[in-house]
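Computed from heavy atoms alone, side chains included, the values below leave out hydrogens, waters and symmetry copies. Order of appearance sets the numbers: ligands from 1, and atoms from 1 within every ligand.
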Amino acid sequence: MTIVEIINVTKSFKDTEVIHNTSFYLKKGRIYGFVGPNGAGKTTMIKMILGILKPNSGKITIFNQPVEHNSDNILSRIGVVMGPSFYGHLDAYENLKLIANMKGLSFDIEKLNEYLSMLGLKDVKKKKVKNFSMGMKQRLSIAASLLGDPEILIWDEPINGLDPQGVIEIRRLVHFLHETKGITFFISSHILSELDKVITDVVIINYGKVEFFGSCNYLLQEYNSKNLEEAYLSCLAGWR
Ligand SMILES: Nc1ncnc2c1ncn2[C@@H]1O[C@H](COP(=O)(O)OP(=O)(O)OP(=O)(O)O)[C@@H](O)[C@H]1O
Ligand SMILES: [Mg+2]
């Protein structure tokens with residue numbers, strides 16, 4: 001089942017086109033890596049999927065509904081990580097509670113505690129977020145994205161700034177959520193060796209154009225490569 005569909009999408013900022021007539025789709029239960037060089041258009045694409053930015057042309061649907069009608073009922077089915085943004089003067093627990101309220105979710109103290117534990121934040125839940133390290137904020141972003149049991153998690157650089165233990169914990173979390181709840185993931189990251197451990201499918205974007213879209217197996221075959229990093233470099237270098 002297709003849950004996100006991007007059809008011939010183009011996006012310009014002023015007169016610079018940064019996404020060119022791009023199409024791909026996300027199927028339920030798959031784990032997509034969204035990769036490409038700095039400035040390729042990943043964050044822009046993610047913002048369009050979420051309805052934060054509007055394409056100049058083309059169409060995006062989520063759960064078979066156009067993004068522009070992106071009502072609360074769609075947003076509550078999506079969990080997002082996009083750079084930590086929290087209230088510094090509130091603690092971790094209060095921030096999650098606030099986000100749950102804003103998403104219109106019923107307050108579930110056990111769930112909040114479970115997410116904080118899962119992300120290794122149980123001991124610091126009463127600490128003000130302004131005193132969090134970057135990795136702790138990143139963990140809190142991931143916890144926040146899980147509120148409301150979303151069907152799809154869209155994570156823009158989720159493991160930026162995480163310590164090695166944190167990276168392993170997130171890897172386990174992805175596997176756990178995928179296996180137990182069949183959650184779909186769309187994860188943008190530059191850490192290809194790590195993505196390689198979790199993803200089933202890849203979207204490679206370069207200068208606002210999709211250069212590859214398909215399963216990891218197909219990617220490795222296509223570029224006669226041993227791993228994601230090698231295939232990625234070959235794809236972008238135009239080697240075959
Ligand atoms: N609000 C904006 N106004 C003007 N240009 C923008 C804006 N946002 C992004 N861009 C430009 O669009 C292009 C794509 O940027 P984007 O942030 O989507 O890249 P990215 O793939 O997420 O890069 P990174 O890997 O560094 O996060 C870049 O050239 C960027 O300068
Ligand atoms: Mg980005």
Would you mind reporting whether [Y] and [X] have side-chain heavy atoms less than 4.5 Å apart?
| X | Y | answer |
| --- | --- | --- |
| Thr43 | Lys47 | yes |
| Tyr25 | Lys27 | yes |
| Ile187 | Pro158 | yes |
| Glu194 | Arg171 | yes |
| Tyr232 | Phe212 | no |
| His190 | Glu157 | yes |

Quick one: does His190 get within less than 4.0 Å of ligand 1, heavy atoms only?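 Contact check His190 vs ligand 1: positive.
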Please determine whether any non-hydrogen atom of Lys14 lies less than 4.0 Å from an atom of ligand 1. no
Taking only Lys NZ, Arg NE, NH1 and NH2, and the carboxylate oxygens of Asp or Glu, determine whether Asp149 and Lys111 approach each other closer than 4.0 Å.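 Judged by the 4.0 Å cut-off on N to carboxylate O distance, Asp149 and Lys111 do form a salt bridge.
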Starting from [atom], locate the nearest protein heavy atom and write down its residue, its atom name and how far away it is, to 0.1 Å.
| atom | answer |
| --- | --- |
| atom 17 (O) of ligand 1 | Thr43 CB, 3.7 Å |
| atom 16 (P) of ligand 1 | Thr44 OG1, 3.6 Å |
| atom 26 (O) of ligand 1 | Asn38 ND2, 2.9 Å |
| atom 6 (C) of ligand 1 | Phe13 CD1, 3.2 Å |

Are any N, O or S atoms from Thr43 nearer to the Mg ion (ligand 2) than 2.8 Å?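 Yes, within the cut-off.
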When you measure from atom 31 (O) of ligand 1 to the protein, is at least one non-hydrogen atom found at a distance under 4.0 Å? no
Please list, in number order, the atoms of ligand 1 under 4.0 Å from a heavy atom of Glu157. 25 (O), 27 (O)
Going by the atom numbers of ligand 1, which of them fall below 4.0 Å from some non-hydrogen atom of Lys42?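 Listed by number with element, the hits are 18 (O), 19 (O), 20 (P), 21 (O), 22 (O), 23 (O), 24 (P), 25 (O).
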Location of contacts on Val18 toward ligand 1, heavy atoms closer than 4.0 Å: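 Side chain only; the backbone of Val18 stays clear of ligand 1.
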Only heavy atoms count here, so choose which of Ser12, Gly39, Gly208 is nearest to atom 28 (C) of ligand 1.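 Going through Ser12, Gly39, Gly208 one by one, Gly39 has the nearest heavy atom to atom 28 (C) of ligand 1.
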Ignoring angles and geometry beyond distance, decide whether Ala40 reaches within less than 3.5 Å of ligand 1 through its nitrogen or oxygen atoms. yes
Does Phe185 have Arg30 sitting over its ring (NZ/CZ under 6.0 Å from centre, angle to axis within 45°)? no
Verdict with supporting geometry, Lys97 and Asp91, salt bridge (Lys or Arg N to Asp or Glu O under 4.0 Å): CA-CA 10 Å; Lys97 212 168 121 184; Asp91 67 32; over 6 Å; no
